[in-house]
There are 2 protein chains.
Amino acid sequence: MLDIDDLTTEALCRYMLDRHRDTISVQKPEFALRKLNVIIAAALDLSNRKGFQAMSLRDLSRASGVSMGGLYAYFDSKTTLLNMILSEVTAAVQRVLSTPPDKVQGDPVAHLNWLIATHVQMTEQMQPWFTFAFMEAKNFPPAERRKAIDSEELTESYFAAVLKDGMAKGVFRPDTSPLLAALIKPLLQDWYVKRAKYRRRRVTIDTYIATVQDFVQAACLADQTHKDQRATA
Amino acid sequence: MLDIDDLTTEALCRYMLDRHRDTISVQKPEFALRKLNVIIAAALDLSNRKGFQAMSLRDLSRASGVSMGGLYAYFDSKTTLLNMILSEVTAAVQRVLSTPPDKVQGDPVAHLNWLIATHVQMTEQMQPWFTFAFMEAKNFPPAERRKAIDSEELTESYFAAVLKDGMAKGVFRPDTSPLLAALIKPLLQDWYVKRAKYRRRRVTIDTYIATVQDFVQAACLADQTHKDQRATA
DNA sequence: GTTTTTCGAGCGAGTGTTCGATATATAAGC
DNA sequence: GCTTATATATCGAACACTCGCTCGAAAAAC
């Protein structure tokens with residue numbers, strides 16, 4: 001399940017290092033990767049507890065063990081650090097969701113279930129990253145805000161495409177609401193946004209995925225046999 | 001529709017003034033109400049654009065026309081200001097959702113539809129307040145965080161109660177997921193969280209309400225005649 | 001010996017908060 | 001009715017502090 005990509009923080013930092021080779025002044029990749037990993041991990045931890053704005057670079061310096069000046073070898077401003085993290089989340093979503101496995105191609109129901117299951121599982125593996133993106137995407141300069149909106153619409157477009165395909169094939173009801181694709185996203189987000197609540201209630205990730213899949217199918221499926229057709233992804 | 005209570009900023013400030021009579025040093029209600037109204041309106045406006053933390057009290061002073069010292073006649077710290085706003089949102093939700101009209105009492109489907117419609121309409125009327133509560137409830141001291149969670153669970157409990165009642169009466173399917181009540185909340189939130197998106201797509205509030213009502217009913221209703229039973233609240 | 005990496009004190013700007021002074025409204029005295 | 005006296009309301013400069021960020025020097029690596 002979901003081994004098409006490595007979504008550990010270290011793997012994501014490798015992408016990050018590659019993407020910002022020009023602004024990162026540390027040359028040797030071995031040094032850079034190890035330190036960037038520590039910095040990003042600390043930044044996600046602190047931000048998700050107090051908020052990105054409330055996290056001072058002195059906090060980050062202390063938590064990561066990297067000096068103030070040392071931090072600026074990896075980003076040229078605090079806003080750049082924000083952008084680096086947000087970009088990586090967007091890129092990961094695109095990478096994972098745009099490549100459905102062969103077995104779901106051409107089967108709208110299976111594809112829809114795969115999208116739901118994969119998205120939830122991805123947010124589970126990248127939990128600090130998604131929490132960060134969700135909490136910090138708002139209240140920020142227009143440029144960053146736009147990126148967040150684009151990322152949001154990208155996810156929605158995957159669902160919209162599958163729903164449209166299913167309706168064309170007669171698998172989904174022709175009167176399926178055009179708003180459905182938009183409404184799936186908040187259902188998926190709730191798993192990591194209200195993480196503590198679901199953990200407290202002992203709701204497993206598989207239960208959650210199955211519930212959302214049923215919920216969505218009840219809204220769009222033509223017949224009522226969806227419970228048998230549910231894929232475990 | 002939804003005239004059981006006055007949800008204008010002025011009416012909410014009146015409640016606020018009453019609730020914090022001890023910490024607000026301005027005695028004459030006429031003066032206090034007018035100024036508090038200006039301060040809160042400016043605070044909501046600035047916070048929802050840049051975030052509460054990013055809004056300095058000098059910004060607030062400038063925008064409201066009240067001097068620095070003048071602001072402190074209405075709250076003794078910036079955190080208190082935050083709490084005053086959050087409390088008012090929670091109180092309003094409780095006031096409105098806890099008193100369903102007689103006509104929906106005893107009818108789970110009508111009650112469920114009323115809850116959905118009323119909640120969305122309330123968030124529309126109090127839009128800046130809900131946006132504020134949603135964006136700022138996170139990343140804040142434990143005490144404030146708890147209040148936000150309690151408020152969240154309060155809303156959910158109204159839905160849980162109706163679903164339970166409907167299952168007991170055989171109107172809703174007995175295998176309705178216990179997670180459904182939790183999943184309704186993010187669907188309602190999307191209307192004001194992604195406000196710009198829905199406005200851009202020319203989705204009216206009535207369309208949105210109807211879509212969510214259908215979506216939820218498809219998940220829990222025993223038969224398939226829900227489209228005829230939908231209430232316009 | 002030269003390049004690369006790391007450090008942390010210091011800078012100016014901006015923060016939440018306080019407080020004595022000023023302006024304004026209400027009450028009292030004659 | 002006009003002047004005091006008192007209470008209320010408003011102000012904004014000043015305080016102590018933290019912020020993002022810089023930069024010359026020290027340390028490490030080659």
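Below, chains carry the letters A, B, ... as their sequence lines are ordered, and counting in each starts from 1.
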Closest to side chain of [X], choosing from [options]:
X: A:Gln27; options: C:dG16, C:dA25, C:dT4; result: C:dT4
X: A:Ser56; options: D:dA29, D:dC21, D:dG20; result: D:dG20
X: A:Met68; options: D:dT22, C:dT17, D:dT10; result: D:dT22
X: B:Val26; options: C:dT17, D:dT10, D:dG20; result: D:dT10

Rounded to whole Å, please give me the gap between [atom1] in [X] and [atom2] in [N].
X: A:Glu30; N: D:dA29; atom1: CD; atom2: P; value: 11 Å
X: A:Leu60; N: D:dC19; atom1: CG; atom2: C1'; value: 14 Å
X: B:Arg34; N: D:dA9; atom1: CZ; atom2: C1'; value: 12 Å
X: B:Tyr72; N: C:dG20; atom1: OH; atom2: C1'; value: 17 Å
X: A:Lys28; N: D:dA28; atom1: NZ; atom2: P; value: 15 Å
X: B:Leu82; N: C:dG16; atom1: CG; atom2: P; value: 13 Å
X: A:Arg58; N: C:dA9; atom1: CZ; atom2: P; value: 10 Å
X: B:Asp76; N: C:dT18; atom1: CG; atom2: C1'; value: 13 Å

(message) Is the terminal nitrogen or CZ of B:Arg95 (NZ for Lys, CZ for Arg) located under 6.0 angstrom from the six-membered ring centre of B:Tyr15 and within 45° of that ring's axis?
(response) yes
The residue, B:Ser77 or A:Gly69, whose nearest nucleotide of DNA chain C is more 5′ is A:Gly69
By nearest-heavy-atom nucleotide on DNA chain C, the more 5' of A:Ser25 and B:Gly70 is A:Ser25
- Message: With heavy-atom distances below 4.5 Å as the criterion, would you say the side chains of B:Leu188 and B:Thr123 are in contact?
- Response: no
Would you call B:Asp6-B:Arg14 a salt bridge at under 4.0 Å N-O? no
**Message:** Looking at A:Lys35, I'd like to know whether one of its side-chain N or O atoms comes within less than 4.0 Å of OP1 or OP2 on C:dT6.
**Reply:** yes
Between A:Val162 and the options A:Asn113, A:Val104, A:Leu112, the side-chain contact (heavy atoms from CB on, under 4.5 Å) test singles out A:Leu112
Correct closest heavy-atom pair for A:Phe215 and B:Val216 would be CE1-CA, 4.1 Å
(request) Look at all strands and tell whether B:Ser61 reaches a base, only sugar-phosphate, or nothing, counting heavy atoms closer than 4.0 Å. (result) nothing
